[in-house]
Amino acid sequence: MNNTKPFEIDRDLISPNRNIVPITSVVDKDRGLLVGGCALLDLGKHYGTPLYVLDEETIRVGCRSYLRALKKYYPGKSLPLYASKANSSLVISSIVASEGMGLDVVSEGELITALKGGVPGERIFLHGNNKSDEELLLAYQSGATVVIDNHHDVERLKEVIPHDKDPLNLMLRFTPGIECHTHEYIKTGHLDSKFGFDPDQVKEVLYELKQIHWTKLTGIHAHIGSQIFELQPHQDLVEVMIDLFQLARKIGHPVKDLNVGGGLGIRYTGSDDPPTIDSWIEGIANTLKNTCKARNIELPRLMCEPGRSLVATAGITLYKLGSRKEIPGSTVYLSVDGGMSDNPRPITYESLYTACLANQPLAKADEMVTIAGKHCESGDVLLKDLGLPNSQSGDILVVFGTGAYNNSMSSNYNRIPRPAAVLVNSGQAELVQKRELPQDLLRNDVLPVRFLEVG
Ligand SMILES: *Cc1c(COP(=O)(O)O)cnc(C)c1O
């Protein structure tokens with residue numbers, strides 16, 4: 001284990017992002033590790049590997065923590081949105097909608113997933129720095145709000161949206177000049193980001209939008225980064241946003257929503273120490289409340305957009321151990337039946353994870369190993385320096401914290417089919433994503449007829 005006590009679950013805090021493992025994890029001395037009441041060994045056997053497993057309870061508890069904290073600390077209206085790019089599927093859309101949350105999308109694919117999952121249009125927000133006409137039109141037709149990001153959005157909306165029907169609701173995204181890296185943050189006068197209007201452009205855009213009577217500007221938006229462990233950046237952000245909120249009001253826009261984006265971090269390994277959902281909301285809500293009071297303005301509707309902190313901890317991936325390569329005096333490689341195609345985060349961001357064997361999750365480490373994927377890429381390594389008990393080919397390896405930015409960023413590199421996904425709850429497992437088959441990958445290949453004639 002690269003963490004000493006991964007199964008010590010912080011139930012009191014009701015903040016799934018503080019745990020490495022799904023909050024329903026239980027170790028049984030005969031059946032090994034159980035999540036959502038299901039033995040992972042059974043899931044691996046029944047559904048095959050690699051397998052994404054999602055714990056419904058962990059997702060719901062996360063949603064409720066956001067909803068509850070907003071009610072507790074913020075006297076005005078509020079609405080948390082799930083940033084669905086973290087893991088977009090019918091079942092997750094349906095879960096967050098049933099909890100009363102809204103949802104962010106950035107493409108037509110994510111938008112139809114949300115709609116088909118049952119998220120009401122008025123709770124859907126379309127983001128993106130290069131939206132297509134089709135995406136803009138579908139957002140309008142489904143009653144979603146469009147978060148305008150740049151002048152191109154404004155120009156396309158003039159073409160795409162009818163001028164004589166119900167107005168399209170808009171939010172305006174700007175670059176707040178607060179930049180977050182994982183463990184530190186900097187404030188800069190000018191930000192070099194591809195997202196949002198530069199602060200210098202905002203005033204002009206607000207005047208321009210005032211002339212476009214078939215749209216209605218209902219709020220302002222900013223997002224400063226991801227996997228953030230500090231509370232101060234979002235509190236600073238709130239203050240910057242209120243300035244803009246007041247400016248929009250002064251120019252005559254009926255703005256009522258203030259959306260501070262997402263970014264709260266999670267515990268991937270024992271050395272990560274993210275704040276609770278409760279304290280993250282508390283800091284933002286208090287800053288907003290106090291600033292509004294000091295300036296004597298009525299409370300906006302407070303919105304936030306958690307992605308990772310809602311779904312990462314709920315997800316685990318099961319792999320089967322295969323080949324073993326020992327380099328004398330150096331690395332022991334254990335290879336698994338997946339890798340960078342189902343989890344591109346280690347090769348992309350050098351992300352760290354925690355893992356164990358499903359049949360003996362608490363056994364003490366006998367050796368240090370490196371878990372390698374099966375792709376033709378030396379960098380396809382999922383975990384380095386993992387302490388594991390003695391293992392055999394065929395054992396099931398459990399990697400924790402894979403519920404966000406794994407499935408949604410997966411690929412078919414090396415023509416490896418995507419894994420299946422199951423949702424677990426109270427001892428039941430339900431298939432929520434079918435396993436891709438190798439022949440599925442040929443679906444869109446076209447062989448021009450002349451190549452058939454050659455042979
Ligand atoms: C990615 C993103 C989020 C979610 O970020 P997390 O770090 O996963 O919480 C929210 N809002 C916007 C605009 C984003 O791009």
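First listed ligand is number 1; within each ligand, the first listed atom is number 1. As the structure is a prediction and not an experimental result, all values here were calculated from the model.
For His375, the ring pair (Phe, Tyr, Trp, His ring centres under 6.0 Å) criterion is met by Tyr413, not counting sequence neighbours. In terms of the salt bridge (Lys or Arg N to Asp or Glu O under 4.0 Å) criterion, Arg68 has no residue partners (sequence neighbours excluded).
Within 4.0 Å of ligand 1, protein heavy atoms come from Ala83, Lys85, Asp104, His127, Arg173, His221, His223, Ser226, Gly262, Gly263, Glu305, Pro306, Gly307, Arg308, Tyr405.
Look at Lys374 and Asp342 and you find no salt bridge, because none of the NZ, NE, NH1 or NH2 atoms lies under 4.0 Å from a carboxylate O. A salt bridge is absent between Glu135 and Arg156: the closest approach of a Lys/Arg side-chain nitrogen to an acidic carboxylate oxygen does not fall below 4.0 angstrom.
Classification of the His163-His213 ring pair by plane angle, with boundaries at 30° and 60°, yields perpendicular.
Within the structure, the ring pair (Phe, Tyr, Trp, His ring centres under 6.0 Å) test picks out the following pairs touching residues 124-151 (sequence neighbours left out): His127-His221, His151-Phe197.
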